[in-house]
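Values in this document were obtained by computation on a predicted structure and should not be read as measured data. All ligand and atom numbering here is 1-based and tracks the order in the structure.
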Amino acid sequence: MDTEIFCLPAFEDNYIWCLRRGGALAVVDPGDAAPVLRHLAASGDRLCAILITHHHGDHTGGIAELVRSHPVPVFAPAAEAIAGTTRPLAGGDSVELPELAIEFAVLDVAGHTRGHVAYYRRGSLFCGDTVFGCGCGKLFEGTAAQLHHALNRIAALPPDTLIHSAHEYTASGIRFARAIEPGNPAIEVRGQEVLRLRALGQPTVPFTLADELATSPFFRCREPGVIAAARQRLGREPASELDVFTALREWRDRF
Ligand SMILES: [Zn+2]
């Protein structure tokens, strides 16, 4: 029996990622309880765990209502105040979900928020608002250096890792990537695929790390074309890879 992974859409563009095996269900970042409760009622699945990546309301808003009717463990970063947390986590910890026969490694991916974590097991990463299709999280609490470090950490995972982001932002990420690296054919190929999926109303997430490495400027700060774009933006030679990343992150905010 394999673990099935699917998403429940929430709000405008959030995805609540679900892991399911033999009727046991774990959910990642339930910002809204309603879609999860509807799924449980319709499927007969039983909730066994809630995993949280960071404290923002569109990732945590459903916890209280879910645990009222389903008193399950709530895994969340210890460095952030998240009501309902029963298993505070830090990078280097692991999360065991015996009902799903899954063990996750907890990665510290601070940057978007101070204590942001991601959940990784061979083949899948649940990264909240750290990586989006051709994009990365805004810097609300952390520094560009922290987020750059987090992306480098993710870049070192196996390239076939499926990245499960918490938002459908890929189409807008592609527009930015194209502006940075207009000569990169991989961006055009991915852009076509994203258009096709969105026309069918399908998610563009998950995507592979390999896709990100080939198309996302945030993972390509060492590429000559990306460095050239940063040089033009800064009006000077970028001092480091982090300098390139920082310029891109600021540029993206105003794009
Ligand atoms: Zn967030």
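The Zn ion (ligand 1) sits nearest to atom OD2 when only the N, O or S atoms of Asp129 are considered. Residue His56 approaches the Zn ion (ligand 1) most closely through its N/O/S atom ND1.
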Could you walk me through whether Asp160 and Arg122 satisfy the salt bridge (Lys or Arg N to Asp or Glu O under 4.0 Å) test, starting with their C-alpha distance in whole Å, then the side-chain angles of each, then the deciding distance to 0.1 Å, before giving a yes or no? CA-CA 9 Å; Asp160 62 350; Arg122 181 75 182 90; 3.3 Å; yes
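Here the two rings, on His112 and His56, have centers that are under 6.0 Å apart. Aromatic ring centroids of His116 and His59 lie 6.0 Å or more apart.
Exactly one of Trp17, Phe75, Phe126, Tyr120 qualifies for a ring pair (Phe, Tyr, Trp, His ring centres under 6.0 Å) with Phe104. That residue is Phe126.
Among the atoms of His54, an N, O or S atom falls under 2.8 Å from the Zn ion (ligand 1). None of the N, O or S atoms belonging to Asp58 lies under 2.8 Å away from the Zn ion (ligand 1).
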